[in-house]
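Below is one structure, written out as C-alpha cells; comments come after it.
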2 protein chains.
Amino acid sequence: MAGIERPGPLYQQVAAAIRQGIADGDFPPGSPLPSEAQLIERYQVSRPTVRNAISALRSEGLIEVRHGKGSFVKDAQTPLLTIERTVTRSGKTFAPDPAQWQQAHEPTVYRTTTTDTTGPLLNLGEGEALFGVDRVLTDPATGTRALHRVLIPFATAENAPTLAGAPDTAPEEIYAALTAAGHKLTWSETVRARMPQADERTALELPDATPVIHTLRVTHGTDDQPLILEELRTSGSQAQLSYRITADSPRALRAVRS
Amino acid sequence: MAGIERPGPLYQQVAAAIRQGIADGDFPPGSPLPSEAQLIERYQVSRPTVRNAISALRSEGLIEVRHGKGSFVKDAQTPLLTIERTVTRSGKTFAPDPAQWQQAHEPTVYRTTTTDTTGPLLNLGEGEALFGVDRVLTDPATGTRALHRVLIPFATAENAPTLAGAPDTAPEEIYAALTAAGHKLTWSETVRARMPQADERTALELPDATPVIHTLRVTHGTDDQPLILEELRTSGSQAQLSYRITADSPRALRAVRS
DNA sequence: TATCATTTGTTCGTATGTATC
DNA sequence: CGATACATACGAACAAATGAT
C-alpha cells in the first residue's frame with residue numbers, strides 16, 4: 001500500500017487519496033489522472049477497486065472520464081452563463097433575456113391540455129386546452145443549452161388577438177401583447193433542481209453528475225389572474241439564474257405549487 | 001433472457017427493463033424491487049451486470065438502495081418545501097422567511113476575510129475582514145435542512161451600530177438595522193445547482209442523486225453599494241425557491257459573478 | 001488505409017464482509 | 001443464531017474508443 005492506511009472500504013481510501021492529490025495540486029484542473037493500470041500498480045489494489053474509486057469521484061463531479069482516453073480533473077466549474085430572470089421594460093416594450101440565445105431549431109408548436117402540474121398553476125381544471133411552444137436554445141458563446149416551453153391557455157389567446165394566430169412569438173412580445181390587451185403584468189417563479197432524465201441529458205448535452213435547474217414562471221395579469229406558463233430547463237453547473245429583488249409590501253403571496 | 005432484446009450493453013437493457021416496470025406500475029413508488037438474486041434469475045445475467053443496472057437507476061434518482069434490505073422505488077419527488085425568496089416589508093420591519101426554520105444549533109460566529117468569490121460580490125479586495133455567521137436550519141414539518149451563512153464586512157458593521165456587537169442577528173433584523181442606518185435596500189441573487197460535497201451531503205442529510213441548490217444574495221444600500229452577503233444551500237429535490245417579479249425599468253443591471 | 005498499443009467499458013466467476021430481520 | 005440482502009474485493013477475458021505508427 002502506498003500512503004493509504006485510514007479505515008473504511010479500500011475503494012474509498014483510494015478515492016480519498018486521489019481527492020487529496022487533486023486538492024494538493026498534484027493533478028491540476030484539466031490534467032489527466034493516472035490510468036487505471038497505473039493506479040492498480042500504485043495502490044496495489046485490483047481493477048474493480050480502482051474503478052469503484054473512480055466511479056465515486058465521477059459521481060461527485062470531480063473528474064470526467066473519456067472512453068479510450070482517460071480520466072481528467074474537471075476545472076472548478078464557475079457557471080459560464082448568467083441568465084437574468086428579472087423582467088425589464090421600457091415603456092411598452094419588454095427587454096429580451098440578455099443571454100444571447102439562438103434557436104437550434106424552429107419552435108415546435110402543438111396543442112395540449114392541462115395536467116395536474118400545469119392546471120393549478122394556471123388556475124384551470126384538468127383537461128383544458130392549451131397552446132404549447134417548445135424551443136431548444138443555445139448560447140453560442142458557451143455552448144450552453146436550454147429547453148424553453150410556453151403554455152398559453154385558449155382563453156388567454158382569445159383575449160390577445162396577436163397571440164391566437166401566432167403562439168410561437170418571443171416571450172417579450174407575448175408580454176407586450178398582453179400589456180396591449182390591458183393587463184398589468186407581474187410574474188411568480190419557482191426554481192428547483194434535480195437529476196436529468198435520460199432524454200434531457202441528451203437534449204441539453206449534459207456531462208455526468210450535472211443537475212438540471214428547472215424554473216416555472218407564471219405571468220399574472222389583472223387581479224393576479226394567471227395568463228401563461230413558461231418553463232425553462234438548463235444545466236445547473238454551466239448556468240446560473242440571476243434575480244433582482246426590491247422589498248414589497250406583504251400582499252397575499254401567491255402559493256406556487258408544482 | 002426475459003423480454004430483453006434491444007441493443008446496447010446488457011446492464012443498460014436490464015436497467016431499461018426495470019425502468020419500464022416502474023413506469024408501468026409493476027413496481028409502485030415505495031415498493032421494493034426484486035432482490036439482486038431474483039434479478040439474476042429473471043434476466044439470466046451475472047451479479048455485476050445486475051449491480052451495474054441498479055447503480056445506473058440509483059444515480060438517476062429513480063430508486064434508493066438500503067443495505068441489508070433491498071432497493072426501493074422513490075416516490076416522484078415533488079418539492080415538499082417552498083422557500084419564498086422575495087423580501088416583504090411592513091413599514092420598517094421586514095417579514096421573516098415564511099419557512100418555519102428552526103436552528104439546529106446556536107449560530108457559529110467567526111471572523112474571516114474575503115475570497116476571490118466573495119470579494120467581488122461585496123465590491124472589496126481580497127483579504128478584507130468580515131464577520132461570518134453560519135446556521136444549520138431545519139424545517140420541522142418536512143425535515144428539510146438548509147445551511148445559511150451571512151458575511152458582514154467590518155465597514156458595514158461599523159456604520160450600523162446594532163450589528164457590530166451582535167452579528168448573529170436574524171437577517172430580517174439586519175435589514176431593519178441597515179434601513180435604520182439610512183439605507184434603502186435592494187437585493188440581487190444568483191441561483192445555481194451542483195452535486196454536493198461529501199460534508200454537505202452529511203450536513204444536509206441528502207440521499208443519493210440529490211443536487212444542492214445554492215443561492216448567493218447581496219444586499220445593496222444607497223448607490224447600490226454592497227452591504228452584506230448571504231448564502232443558502234439546501235436540497236434541490238426537497239425544496240424549491242419562489243420569487244415574485246415585477247417589471248422594472250432597465251437600470252444598469254448589476255452583473256453578479258460567482 | 002490499416003494496424004497496433006493504450007485506455008476505458010462490459011461481463012463473467014467467486015469469495016467474504018456487513019446490515020437487517 | 002440463521003437466513004436474506006446488499007457491499008466489498010479479487011481475478012480474468014473480451015469489446016470498444018482513441019491516437020499514433
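Throughout, protein chains are lettered first and strands after them, A, B, ... in sequence-line order, and every chain is numbered starting at 1.
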* Asked: Say you draw a straight line from CZ of A:Arg192 to OG of B:Ser242; how long is it, rounded to the nearest 0.5 Å?
  -> 14.0 Å
* Structure fact -> CH2 of B:Trp101 to OG1 of B:Thr234, rounded to nearest 0.5 Å, is 5.0 Å
* Counting only distance, no hydrogens or angles, is the base of D:dA9 paired donor-acceptor with the side chain of A:Arg47 under 3.5 Å? -> no
* Asked: Of the residues in residues 26-37 of chain A, which ones touch DNA chain D at a heavy-atom distance under 4.0 Å?
  -> none
* Under 6.0 Å from the six-membered ring centre of A:Phe72 and within 45° of its axis: does the NZ or CZ of A:Arg66 meet both? -> yes
* Distance in angstrom units between A:Asp208 CG and C:dT8 C1', rounded -> 13 Å
* Decide salt bridge (Lys or Arg N to Asp or Glu O under 4.0 Å) for A:Arg19 and A:Glu60; before the verdict, give the C-alpha distance in whole Å, the side-chain angles of both, and the deciding distance to 0.1 Å. => CA-CA 11 Å; A:Arg19 240 184 250 113; A:Glu60 289 169 28; 2.8 Å; yes
* To do: Using whole Å, report how far CD of A:Glu41 lies from C1' of C:dT6.
  => 16 Å
* To do: Let me know the distance between CZ of B:Arg58 and P of D:dC6, rounded to the nearest Å.
  => 11 Å
* Asked: How many Å lie between CZ on B:Phe72 and C1' on C:dT20, as a whole number?
  -> 10 Å
* With B:Asn52, which residues qualify under side-chain hydrogen bond (donor to acceptor under 3.5 Å, both in side chains), at least two apart? -> none
* Asked: For atom CD of B:Gln103, is the number of surrounding heavy atoms from other residues, nucleotides or ligands below 6.0 Å larger than 12?
  -> yes
* Quickly work out the A:Gln44 CD to D:dC10 C1' distance and round it to whole Å. => 13 Å
* To do: Would you mind reading off the distance between A:Ile54 atom CD1 and C:dG9 atom C1', rounded to a whole angstrom?
  => 12 Å
* To do: Just name whichever nucleotide pairs with C:dC12, Watson-Crick or G-U, keeping both distances under 3.5 Å, else none.
  => D:dG11
* Is there a residue in residues 61-69 of chain B whose heavy atoms reach under 4.0 Å of DNA chain D, and which residues are they? -> B:Val65, B:Arg66, B:His67, B:Gly68, B:Lys69
* Structure fact -> Atom CD1 of A:Ile40 and atom P of D:dA9 are separated, to the nearest Å, by 14 Å
* **Reported CZ-to-CG distance for the pair A:Arg85 and A:Leu232, which is rounded to 0.5 angstrom** => 5.0 Å
* Structure fact -> Separation between CD (A:Gln20) and CD1 (A:Ile18), nearest 0.5 Å, reads 12.0 Å
* Within this structure, what is the CZ-to-P distance between A:Arg51 and D:dC10, rounded to whole angstrom? -> 15 Å
* To do: Scan A:Pro9 against the nucleic acid and name what it touches under 4.0 Å (heavy atoms): base, sugar-phosphate only, or nothing.
  => sugar-phosphate
* What distance separates B:Leu80 CG from B:Asp139 CG, expressed to the nearest 0.5 Å? -> 9.0 Å
* Asked: Does A:Thr49 put a side-chain nitrogen or oxygen below 4.0 Å from OP1 or OP2 of D:dT8?
  -> no
